[in-house]
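On a predicted model such as this, the values are computed, not experimentally measured, just so you know.
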Amino acid sequence: MKWTHPHGFEADDDTSRIDVDVVHGFLSTSYWAPGIPREVVARSIAGSLNVGVFTSDGAMVAFARAVTDRATFAWIADVFVVPEQRGHGLGKFVVATLLDHPELQGVRRVMLGTEDAHELYRRHGFTELAADGRMMGIRRDPADIYGRP
């Protein structure tokens with residue numbers, strides 16, 4: 001499925017168009033996955049619902065994915081816009097496109113984690129989860145898994 005941005009960018013959920021090198025290049029220096037191996041990135045893309053954003057010449061400039069059963073739950077992950085294309089609203093575009101994807105309609109819980117993009121996600125209806133003792137998780141340091149970058 002394809003969507004068009006007002007500035008001529010195109011979002012596409014065709015996983016074969018995702019540039020694994022671009023995704024790996026960004027994620028391997030991100031705060032949430034420093035040092036992540038390329039093969040791990042490729043597996044994460046293969047197992048997810050992905051949206052890439054592309055320029056008119058086909059270069060991938062933004063990405064987001066949902067880890068989901070496509071029925072009840074989705075975890076939004078690895079959202080980014082390459083630095084040289086920021087300022088065009090592509091972060092909002094890629095998140096909106098993913099959330100509007102037909103395969104996520106009817107999902108009752110959509111979650112994500114962020115250190116620095118709370119306002120972006122609030123615009124799409126996300127709120128901080130209440131500390132009611134129900135949500136739990138296991139957090140592992142990427143450096144312990146992938147080594148130091």
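- You'll find the side chain of Q105 stays beyond 4.5 Å of the side chain of R70, heavy atoms only.
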Under the side-chain contact (heavy atoms from CB on, under 4.5 Å) criterion, do V53 and F63 qualify, and how do the steps go? CA-CA 6 Å; V53 176; F63 176 78; over 6 Å; no

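- Put simply, the side chain of V110 does not reach to within 4.5 Å of the side chain of F73, judged on heavy atoms.
- Side chains of R38 and V20 form a contact here, defined as non-hydrogen atoms less than 4.5 Å apart.
- To the nearest 0.5 Å, atoms NE2 (H118) and CZ (F126) are separated by 12.0 Å.
- Between L49 and L98 the shortest heavy-atom distance is O-CD1, 3.9 Å.
- Residues in residues 91-101 take part in these side chain to side chain donor-acceptor pair (under 3.5 Å) pairs, two or more places apart or across chains: D13-H101.
- In this structure, R17 forms a cation-pi arrangement with F54, its terminal cationic atom sitting closer than 6.0 Å to the ring centre and no more than 45° off the ring axis.
- For the atom pair CD (E103) and CG (D69), the distance works out to 11.0 Å, reported to the nearest 0.5 Å.
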Evaluate the side-chain contact (heavy atoms from CB on, under 4.5 Å) criterion for residues V95 and I76: first the C-alpha distance (whole Å), next the side-chain angles of each, then the deciding distance (0.1 Å), finally the verdict. CA-CA 9 Å; V95 171; I76 306 303; 5.7 Å; no

Atom pairs and distances, donor-acceptor, side-chain atoms in residues 81-91, under 3.5 Å, two or more places apart:
unit_1	atom_1	unit_2	atom_2	d
R86	NE	V81	O	2.9
R86	NH2	V81	O	2.9

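- T127 is not listed as a side-chain neighbour of R122, based on a closest heavy-atom distance of 4.5 Å or more.
- Side chain of N50 to backbone of I45: a donor-acceptor contact under 3.5 angstrom is found.
- Looking at V79 and R65, their side chains never come closer than 4.5 Å, going by heavy atoms from C-beta outward.
- Heavy-atom contacts from other residues, nucleotides or ligands closer than 6.0 Å to NE2 of H7 number 12 or fewer.
- Expressed to the nearest 0.5 Å, how far OG1 of T29 lies from CD1 of I36 amounts to 11.5 Å.
- Of the possible donor and acceptor atoms, one in the side chain of Y31 sits under 3.5 Å from a partner among the backbone N and O of E115.
- Considering only heavy atoms from C-beta on, V51 stays 4.5 Å or farther from D12 through its side chain.
- In terms of heavy atoms, V22 sits closest to F80 at O-CZ, 4.1 Å.
- Classified by interplanar angle (parallel below 30°, tilted 30° to 60°, perpendicular above 60°), the ring pair H5/F9 is perpendicular.
- The shortest non-hydrogen separation linking L112 to W75 is C-CH2, 3.5 Å.
- Within the 4.5 Å cutoff, the side chain of F93 has no heavy atoms near those of the T4 side chain.
- At least one side-chain heavy atom of Y146 sits less than 4.5 Å from a side-chain heavy atom of P37.
- The two residues A74 and V107 make their nearest non-hydrogen contact at N-CG1, 3.8 Å.
- Counted by atom type alone, D14 and S16 present one or more donor-acceptor pairs between their side chains at under 3.5 Å.
- With sequence neighbours excluded, no residue forms a ring pair (Phe, Tyr, Trp, His ring centres under 6.0 Å) with H24.
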